[in-house]
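As the structure is a prediction and not an experimental result, all values here were calculated from the model.
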Amino acid sequence: MNAAPRWRRIAKTFSDYLLLTIGALLSATAVRFFLVPNQVVTGGITGVAQLLNTFLGTPVGAVVLILNVPLLIAGWRYLGGAVFGVRTFYTVVVMSLAIDGLAPFARPITNDPLLYSLYGGLIDGLGIGLVLRARGTTGGSDILARLIERRFGVQPGRSLLSFDTLVFTAALFSYGPEKILYALLVAFTSSRAIDTVLAAGKGARQALIITSTPDPIRQAVLHRLGRGITQLEGIGGYTGATRAVLLCVVARTEIGALKNIVSTVDPAAFVIVGEVEEVIGEGFSRST
């Protein structure tokens with residue numbers, strides 16, 4: 001009886017570690033092929049490691065790993081214990097080894113500042129987003145971003161942008177103002193990519209349908225879309241008349257079909273459609 005749930009847990013763990021691996025490799029690729037060769041500092045611990053590499057010649061990946069040790073200990077205690085600690089340690093190790101392992105092959109893919117800034121930020125953001133989605137972090141400021149997200153609900157991409165600004169200020173005298181301007185572009189692009197990856201597949205549309213013929217609409221939504229629908233009672237503020245209010249949440253791709261159902265059954269219906277950031281429950285994502 002427990003075989004199916006056990007296999008689902010195994011499959012979920014495998015898929016999470018696959019995302020962690022891909023994300024770590026993407027971030028390492030962005031650092032090694034787009035940012036370091038063009039002397040564009042990144043944020044967080046990796047940015048600090050780049051600065052030390054510039055002044056002392058220390059390997060970027062090894063410094064990233066060393067500086068992450070105390071942060072990993074803090075994350076182990078406050079952000080999910082063993083699951084968080086193991087996943088983050090795995091990600092940091094893969095990313096650090098990849099950064100130094102790719103060093104002999106690293107050549108600037110492009111010398112155009114706009115291109116290496118945009119693509120470096122995009123690839124790095126996609127990598128971090130995949131790691132966060134798999135319930136891990138790439139260490140460093142990511143751990144602080146997760147703490148702030150849990151405590152205050154601030155999106156991780158915005159927190160990381162703030163942390164990166166501090167590193168850029170310190171790097172101003174090392175790389176010059178022009179490089180820092182490009183670094184800010186990298187940070188902004190990365191933060192947008194992170195939030196996009198985290199939001200992918202979670203959004204939906206919520207519809208409030210005020211109608212005088214609720215039954216046909218309710219039946220059509222239940223049978224044609226396979227979505228649940230809740231009927232509420234509304235009272236008109238001007239007329240005082242009682243009318244049915246139908247509440248329904250559907251996937252983005254289903255909103256067109258829902259509006260078609262409503263317009264066909266009751267052309268006079270009043271429909272309000274809004275964006276839903278995340279839905280947890282039957283037919284949508286499950287809480288993890």
Side-chain angles (χ1 to χ4, degrees), residues 14-69 71-72 86-134 136-143 157 160 163-164 167-168 171 174-175 179-180 182-194 197:
F14 176 79
S15 65
D16 283 348
Y17 273 87
L18 181 61
L19 288 180
L20 293 174
T21 304
I22 295 173
L25 293 177
L26 284 174
S27 292
T29 299
V31 170
R32 182 50 70 188
F33 287 95
F34 289 93
L35 305 179
V36 170
N38 294 295
Q39 292 188 322
V40 177
V41 69
T42 61
I45 293 297
T46 305
V48 174
Q50 284 183 257
L51 291 173
L52 292 176
N53 174 262
T54 300
F55 291 120
L56 305 175
T58 53
V60 176
V63 172
V64 168
L65 184 59
I66 293 171
L67 294 180
N68 265 294
V69 171
L71 294 170
L72 287 170
V86 171
R87 292 181 184 219
T88 299
F89 179 76
Y90 172 81
T91 303
V92 170
V93 169
V94 171
M95 185 178 69
S96 301
L97 291 177
I99 289 174
D100 287 345
L102 291 171
F105 312 100
R107 299 291 184 276
I109 294 179
T110 176
N111 293 316
D112 186 295
L114 183 61
L115 288 178
Y116 64 62
S117 298
L118 289 176
Y119 279 97
L122 176 63
I123 295 172
D124 184 51
L126 290 176
I128 295 174
L130 290 176
V131 170
L132 293 175
R133 190 160 183 141
T137 77
T138 54
S141 56
D142 291 353
I143 296 177
L160 290 171
F163 303 146
D164 292 345
V167 177
F168 300 150
S174 302
Y175 294 95
K179 291 293 185 180
I180 298 303
Y182 284 117
L184 290 172
L185 179 59
V186 171
F188 179 79
T189 306
S190 178
S191 70
R192 296 301 91 197
I194 290 168
V197 171

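Under the salt bridge (charged side-chain N to carboxylate O under 4.0 Å, His left out) criterion, no residue pair touches residues 43-62, with sequence neighbours excluded. For residues 89-100, every residue pair satisfying the side chain to side chain donor-acceptor pair (under 3.5 Å) rule, not counting sequence neighbours, is listed here: Thr21-Tyr90. Residue pairs meeting the ring-ring contact (aromatic ring centres under 6.0 Å, His included) criterion with at least one partner in residues 93-126, sequence neighbours excluded, are absent.
Residues Val41 and Ile180 are in side-chain contact: their nearest non-hydrogen atoms beyond the backbone lie under 4.5 Å apart.
Judged as a side-chain hydrogen bond (donor to acceptor under 3.5 Å, both in side chains), and not counting sequence neighbours, Tyr17 has no contacts. A search for side chain to side chain contact (heavy atoms under 4.5 Å, CB included) contacts involving Ser15 returns Lys12, not counting sequence neighbours. Residues passing the side chain to side chain contact (heavy atoms under 4.5 Å, CB included) test with Leu18 are Ile22, sequence neighbours excluded. Remark: Phe89 engages Leu72, Val93 in a side chain to side chain contact (heavy atoms under 4.5 Å, CB included) (not counting sequence neighbours). Every residue two or more places apart in sequence or in another chain that forms a side chain to side chain contact (heavy atoms under 4.5 Å, CB included) with Leu102 is listed here: Thr29, Arg32, Phe33.
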Name every donor-acceptor pair, under 3.5 Å, that has one atom in a side chain of residues 121-129 and the other anywhere in the protein, sequence neighbours excluded.
from   : atom 1 : to    : atom 2 : distance (Å)
Asp124 : OD1    : Ser27 : OG     : 3.4

Which atom pairs, one a donor and one an acceptor, fall under 3.5 Å between side chains of residues 45-59 and the rest of the protein, sequence neighbours left out?
from  : atom 1 : to     : atom 2 : distance (Å)
Gln50 : OE1    : Thr42  : N      : 2.9
Gln50 : OE1    : Thr42  : OG1    : 2.8
Gln50 : NE2    : Val40  : O      : 3.1
Asn53 : ND2    : Thr58  : O      : 2.8
Thr54 : OG1    : Gln50  : O      : 3.0
Thr54 : OG1    : Tyr175 : OH     : 2.7

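With rounding to the nearest 0.5 Å, the separation of CG in Leu130 from CG in Leu19 is 5.5 Å. Leu185 contributes atom CG, which lies 6.5 Å from atom CG of Leu114 (distance to the nearest 0.5 angstrom).
Using a distance-only test at 3.5 Å, with no hydrogens or angles considered, no donor-acceptor pair links the side chain of Arg87 to the main chain of Leu20.
Heavy atoms only, all atoms of each residue included: Phe34 and Gly120 are closest at CB-CA, 3.8 Å.
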